[in-house]
Visitor: 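Take this structure, written in structure tokens, and hold onto it; I'll ask about it next.
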Amino acid sequence: MNLLQKQGFYNSLILYAGTGLGFLNLIILFQRILTKEEIGFYTLMIAVSGLYAQIASLGINGVIIRYFPMFRTEDKTHKGFVTLVILWSLLGFIAFTIPFILFKGFVMQYYEDKAGAGLMVEHYYYLIPISFLTLVFMVLESLARTVFKNVFSAFLKEFLLRLMTSLAVLLMAMSILDYDGFLTAYLIANALIVALLWYNVANGGHFKMSHINQGILGRKNELLNYGIFSVISGGSFGLVQSMAILMLSVLANQSLELVGIYGTFFGIAVFISLPAKALGRTSYQIVSEAWVKLDLKKIDRIYKKTSLVQFIIGSLLLIGMIINYDHILFLMHKPEYKQYFWVFVIVGFTFLVDITGGLNGQIINFSKYYQYTTFLVTIAVFVCAFLNWVLIPHFGLLGAAISYLIVMLSLNFLYWLFIKIKFKLQPFGFKYLIVIFISAVTLIIGLYIPVFDAIFVDIIVRSGAATLVFVTLILALKVSEDISALFYNIVNKIKLR
């Protein structure tokens with residue numbers, strides 16, 4: 001098992017375990033303990049703090065991944081690269097926080113007459129420390145990725161943080177904490193995972209503080225230029241993903257209630273993107289190293305493998321969610337959400353479209369044409385805002401979901417077209433049609449299996465039958481060498497035991 005497969009495997013275990021906790025939080029605990037407005041503020045807080053950290057970073061995460069291989073040294077000082085990262089991050093956060101404080105009144109006027117607006121007014125400044133911790137974690141995680149140490153950060157972010165969130169909301173259920181206490185506990189949990197990751201990175205001995213070398217200072221304009229393009233690109237992409245949440249909070253009268261519903265569906269559907277997250281934690285750095293060596297064959301190989309594997313696994317996950325939708329609503333204790341079925345399907349399909357694009361955005365970002373993604377994603381922000389502005393007043397949550405689908409479909413198509421024209425690389429072939437056929441067969445079988453009275457029996461039978469059909473056909477038709485190899489490797493290990 002190579003590095004990509006090994007770390008992808010462990011990251012997958014962590015991500016799916018963390019997602020199980022995420023499901024427990026979103027579907028069981030939050031729906032029963034928090035109000036819709038409180039869920040809405042939590043969702044808005046996650047979206048805003050992520051954007052805050054992304055913009056305030058001034059693109060340092062992209063700079064780390066792209067340029068660290070160029071400055072790597074045997075003495076672990078890396079020409080003072082870590083010192084540059086710390087100064088860059090701190091100055092960027094301070095520069096962004098000042099206008100965030102000064103423009104509070106301007107922001108708050110959009111929430112004056114909205115349901116649940118008091119939560120935003122009361123906890124506005126809470127966003128500053130939570131965003132700072134998010135930024136620090138992002139930077140530490142990027143540094144860890146450069147030395148291919150990314151499993152522990154995944155454990156902290158995807159599992160431990162969610163576990164501590166579960167405990168905090170359970171304390172609310174026992175009346176030990178109120179909502180303010182829950183938010184404080186979430187802040188403490190973020191501080192803890194930052195401290196643990198810092199200790200892990202520092203203890204690894206891969207980085208040493210030193211003065212910034214002339215080799216780096218001589219390229220400061222290049223680094224700054226890439227950082228600016230990176231933050232515009234990354235911040236814009238974050239805006240595209242969060243646009244529905246932000247605009248629902250401003251345009252809809254129910255405000256945070258609708259944000260809570262959309263955020264819940266978004267949080268469930270994000271499960272589909274986990275294969276991409278698991279593989280991406282290692283493959284991003286491999287692509288970056290390959291560009292330094294101009295190894296297009298390696299990039300092509302990684303591009304094809306990740307795209308196909310992500311499409312296969314993502315398709316199965318989307319099918320599982322669709323055939324169990326009524327059960328999800330039952331577990332959520334929210335039968336009134338049934339009217340939003342197509343919102344759920346569209347958001348889930350959008351995630352599938354995005355992960356099927358594989359590493360398209362990263363391949364361009366790590367090349368000399370990185371400005372192209374910045375240009376496209378910046379335009380996408382305005383298109384997404386316009387679509388939401390037009391569609392939300394008429395179609396509500398469905399309009400937000402359609403806007404997201406149109407923008408992500410367009411972005412991935414343009415990425416694919418650019419890579420195909422410039423680098424003569426593209427991952428798609430006949431095997432994708434086979435996966436679509438297998439998915440259609442599996443979906444029909446999953447939907448038309450007779451319903452069992454016992455909900456958990458029905459979930460097990462329905463999901464088990466769909467998985468059996470899907471996996472059997474994938475293996476029998478030899479769609480993916482990687483999935484087949486992983487499957488038979490697991491089978492052989494079981495036999496040996």
Side-chain angles (χ1 to χ4, degrees), residues 17-50 52 108 111-134 137 155-196 245 248-249 252-268 270-271 327-338 340 455-456:
T19 301
L21 277 174
F23 264 57
L24 174 67
N25 292 339
L26 274 176
I27 296 177
I28 307 296
L29 300 180
F30 282 16
Q31 306 301 325
R32 287 164 172 76
I33 299 169
L34 304 180
T35 66
K36 291 177 182 176
E37 287 80 9
E38 288 171 341
I39 296 172
F41 177 76
Y42 175 83
T43 302
L44 188 61
M45 174 193 72
I46 299 297
V48 171
S49 62
Y52 192 135
M108 288 298 98
Y111 293 91
E112 288 177 354
D113 301 321
K114 308 295 183 183
L119 289 172
M120 174 59 92
V121 174
E122 182 180 354
H123 300 292
Y124 183 82
Y125 290 120
Y126 172 88
L127 295 171
I128 296 176
I130 200 71
S131 299
F132 177 73
L133 292 172
T134 302
F137 191 92
F155 166 76
L156 294 175
K157 183 178 180 180
E158 306 296 340
F159 185 82
L160 184 59
L161 180 60
R162 286 172 176 166
L163 176 62
M164 296 183 72
T165 303
S166 301
L167 295 175
V169 79
L170 285 172
L171 291 176
M172 278 190 70
M174 294 183 286
S175 300
I176 296 174
L177 296 178
D178 56 10
Y179 190 65
D180 286 350
F182 166 75
L183 293 178
T184 301
Y186 185 76
L187 183 66
I188 293 171
N190 275 271
L192 176 62
I193 66 169
V194 165
L196 291 173
I245 290 171
L248 279 168
S249 72
N253 290 328
Q254 296 93 331
S255 191
L256 292 184
E257 180 178 331
L258 286 183
V259 169
I261 296 171
Y262 185 88
T264 298
F265 284 145
F266 195 92
I268 297 171
V270 79
F271 189 63
H327 302 326
I328 292 173
L329 296 185
F330 177 83
L331 293 173
M332 289 171 66
H333 205 57
K334 289 288 190 297
E336 65 270 23
Y337 285 7
K338 191 174 182 66
Y340 301 116
I455 179 174
F456 291 106

Visitor: Test of understanding: with side chain to side chain donor-acceptor pair (under 3.5 Å), list the residues that count as partners of Asp178, not counting sequence neighbours.
Guide: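 If we apply the side chain to side chain donor-acceptor pair (under 3.5 Å) test to Asp178, skipping adjacent residues, there are no hits.
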Visitor: According to side chain to side chain donor-acceptor pair (under 3.5 Å), who are the partners of Ser49, at least two apart in sequence or on a separate chain?
Guide: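 Not a single residue meets the side chain to side chain donor-acceptor pair (under 3.5 Å) criterion with Ser49.
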Visitor: I need the Met174 CE to Leu171 CG distance, nearest 0.5 Å.
Guide: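 Reported to 0.5 Å precision, the distance equals 4.5 Å.
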Visitor: In Å, rounded to the nearest 0.5 Å, how long is the span from CG of Leu156 to CD1 of Ile193?
Guide: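 Here the interatomic distance stands at 6.0 Å.
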Visitor: Which atom pair, heavy atoms only, marks the closest approach of Thr264 to Met332?
Guide: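 Closest approach of Thr264 to Met332, heavy atoms only: CG2-CE, 3.5 Å.
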Visitor: Would you check if Thr43 and Phe266 make a side-chain contact, meaning some heavy-atom pair closer than 4.5 Å?
Guide: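 A side-chain contact under 4.5 Å is absent here.
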Visitor: Heavy atoms, side chains only, cut-off 4.5 Å: are Leu187 and Tyr126 in contact?
Guide: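 Sidechains of Tyr126 and Leu187: in contact.
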Visitor: Roughly how far apart are Ile176 CD1 and Leu170 CG, rounded to 0.5 Å?
Guide: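 Interatomic distance, Ile176 CD1 to Leu170 CG, rounded to 0.5 Å: 10.0 Å.
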Visitor: What distance do Met172 atom CE and Leu34 atom CG have between them, rounded to the nearest 0.5 Å?
Guide: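 These two atoms lie 5.0 Å from each other.
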Visitor: Side chains of residues 179-186: which donor-acceptor partners sit under 3.5 Å, not counting sequence neighbours?
Guide:
{"from": "Tyr179", "atom 1": "OH", "to": "Glu38", "atom 2": "O", "distance (Å)": "2.8"}
{"from": "Asp180", "atom 1": "OD1", "to": "His123", "atom 2": "NE2", "distance (Å)": "3.0"}
{"from": "Thr184", "atom 1": "OG1", "to": "Asp180", "atom 2": "O", "distance (Å)": "3.0"}

Visitor: Do Leu331 and Ile28 come close enough that some side-chain heavy atom pair is under 4.5 Å?
Guide: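 Yes. Closest side-chain heavy atoms under 4.5 Å.
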Visitor: What closest approach, in Å, do Ile33 and Val169 show between heavy atoms, and which atom pair accounts for it?
Guide: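 Taking every non-hydrogen atom into account, CD1-O, 3.6 Å.
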Visitor: With the side chain counted from C-beta on, respond yes when Asn190 and Phe132 share a heavy-atom pair under 4.5 Å apart, and no when they do not.
Guide: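 They are not in contact (no side-chain heavy atoms under 4.5 Å apart), so the answer is no.
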Visitor: Enter the distance from Leu133:CG to Ile128:CD1 here, rounded to the nearest 0.5 Å.
Guide: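 If I round to the nearest 0.5 Å, the distance is 12.0 Å.
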Visitor: Below 4.5 Å, heavy atoms only, C-beta onward: do Leu24 and Leu21 meet side chain to side chain?
Guide: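 Counting from C-beta outward, Leu24 and Leu21 do come under 4.5 Å.
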Visitor: Provide the closest heavy-atom pair for Phe159 versus Gly18 in the form atom of the first, atom of the second, distance.
Guide: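 Looking at all heavy atoms of both residues, the shortest contact is CD1-N, 4.0 Å.
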Visitor: When you measure from the side chain of Arg162 to the backbone of Gly22, do you find a donor-acceptor pair of N or O atoms at a distance under 3.5 Å?
Guide: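 Not a single qualifying donor-acceptor pair exists.
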Visitor: Locate the shortest heavy-atom distance separating Ile455 from Phe330; write the atom from each residue and the value.
Guide: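 So the two residues come closest at CD1-CD2, 3.0 Å.
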Visitor: Quick one: CG on Leu192 to CE on Met164, what's the gap to the nearest 0.5 Å?
Guide: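 Those atoms lie 5.0 Å apart.
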Visitor: Any side-chain heavy atom of Phe30 sitting closer than 4.5 Å to one from Thr165?
Guide: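 Of all side-chain heavy-atom pairs linking Thr165 with Phe30, at least one is under 4.5 Å.
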